Amino acid sequence: MFEHITPYAGDPIFALVDAFNQDSRPHKVNLSIGIYFDEQGRLPVLPSVQEAERRILAEGGAKPYLPMEGLAACRTQVAQLLLGPQHPALAEGRVATIQTVGSSGGLKVGADFLRTWLPNSDVWVSDPTWDNHRSMFEGSGFTVKAYPYYDAATGGLRFEDMLACLKGLPPRSIVLLHACCHNPTGVDLSSAQWDALIPVLRERQLLPYLDLAYQGFGQGIAEDAYSVRALAASGLTFFVANSFSKSMSVYGERCGALSAVCASQAEADLVLGQLRYTVRRIYSSPGLHAASLVAHVLGDADLRSMWEGELAQMRQRMLEVRQALHTRLCALAPQHDWGYVLSQRGMFSYTGLSAEQVDRLREEHAVYLIRSGRLCVAGLTQANVDRVAQALVKVV
Ligand code: KET
């Protein structure tokens, strides 16, 4: 029956995690997958999340199916987290949020919805982007194309080229944008650049689709949602898929959401209905535990402030290890320009290393990066940063 099917080569990110786990070298360092590790190299369980779980268990509630759109308390909290509690779009009832199976589930539900309702549109992603974006949208039947983004020569953004490209797109093209902490480059638009981009999106009648997987890992919860809030204020209709995997360190719980911010309440109601139907046809309804976690942590004042503090600590630690890596690299190879380590933001740094150099790092030094040259700074600690810097200078 299935002898004719093509073998799956494996995912470029998850395959490296498997290889890392099988590596018996004690000094190995995992800078591949986008997972935050603490200063001891452990995957943290945030005290706010632990306390939420304790309360959920103590409540001992039954476990009914959630509705297709997810738990109401979770959806309300997510919309407020994205937009800020006072955003007029919320009061105007033009935000349709569904709880999803991670933000991947949200991205995919949104992709299937769009394929049904904007069947003639193409999807435009940044060059480069998270590999799975292309797979997901192609899997929904879209043609996926790329707009200019990263400037390899400067380690910055090709903003003018990006704008020029978007200005040439047909109306209703879908433009996937990283709201903050761009994966894989760590290069983000400034607020002023978002302000310059939004009129172009409006004039060309494009559909922005934001991916917000790292809210709070860049500059802060509100700062990292600048694009969401500015787009909502502009009155444009857009999608945003957001994740708690990283910000709450709940990767395997699959906590995420998809929101459609619409021009009117009537449009939002229509979109919500079709999103519910899209969910029903795929996985019927999302998980209860994921919803309860998010609703407790965001909705309880004490847990919320604990979580915000924990998130700030993670953000701070990533800045510190960036600084430490930069200092070591400059000391070891001062002739080289390491400025990108400091200028890039969030979980990732884009090293510019070739796939062969990345292979050498792994084979000769047990330091694991993605073959695109993406380095996850959240895997660095004060204890391993020197070894990583030594290895990097040996292969550049
Ligand atoms: N969007 C982006 C930009 C992203 O980096 C990830 C995960 C996701 C969405 C999916 O997150 P979810 O847990 O479904 O809410 N990225 C890391 C892990 C992965 O590849 O799945 C990574 O890039 O390493």
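On a predicted model such as this, the values are computed, not experimentally measured, just so you know. Atoms considered below: every heavy atom in the structure, side chains included; atoms not considered: hydrogens, waters and symmetry mates. Just follow the structure's listing: the first ligand is 1, and inside any ligand the first atom is 1.
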Quick one: hydrophobic cluster around M306, which other residues, with the 4.5 Å side-chain cut-off, linked directly or via members?
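L303, listed by chain and number.
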So among F238, W124, F137, F113, which one has a ring-ring contact (aromatic ring centres under 6.0 Å, His included) with Y209?
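Among the candidates, only F137 passes.
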Could you tell me which residues satisfy side chain to side chain donor-acceptor pair (under 3.5 Å) with E39, sequence neighbours excluded, listed by chain and number?
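Residues passing side chain to side chain donor-acceptor pair (under 3.5 Å) with E39: R317.
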By side chain to side chain donor-acceptor pair (under 3.5 Å) - contacts of H326 (at least two apart):
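With neighbours one apart ignored, the set is empty.
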Can D224 and Y214 be said to form a side chain to side chain contact (heavy atoms under 4.5 Å, CB included), step by step?
CA-CA 8 Å; D224 292 350; Y214 301 95; over 6 Å; no
Could you go through ligand 1 and note, for every N or O atom, any protein N or O atom closer than 3.5 angstrom, writing the atom names and distance to 0.1 Å, or 'none'?
unit_1, atom_1, unit_2, atom_2, d
ligand 1, 1 (N), D211, OD1, 3.2
ligand 1, 1 (N), D211, OD2, 2.6
ligand 1, 5 (O), N183, ND2, 2.7
ligand 1, 5 (O), Y214, OH, 2.6
ligand 1, 11 (O), S103, OG, 3.3
ligand 1, 13 (O), S245, OG, 2.6
ligand 1, 13 (O), R254, NH1, 2.9
ligand 1, 14 (O), S104, N, 3.0
ligand 1, 14 (O), S104, OG, 2.5
ligand 1, 14 (O), R254, NH2, 2.7
ligand 1, 15 (O), S103, N, 2.7
ligand 1, 15 (O), S103, OG, 2.7
ligand 1, 15 (O), S243, OG, 2.6
ligand 1, 15 (O), S245, OG, 3.4
ligand 1, 16 (N), K246, NZ, 3.1
ligand 1, 20 (O), W130, NE1, 3.0
ligand 1, 23 (O), W130, NE1, 3.2
ligand 1, 23 (O), N183, ND2, 3.0
ligand 1, 23 (O), R374, NH1, 2.9
ligand 1, 24 (O), G34, N, 2.7
ligand 1, 24 (O), R374, NH2, 2.9

Indicate yes or no for a side-chain donor-acceptor contact from K28 to the backbone of F20 under 3.5 Å, with no hydrogens or angles considered.
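Judged by distance alone, yes, a pair lies under 3.5 Å.
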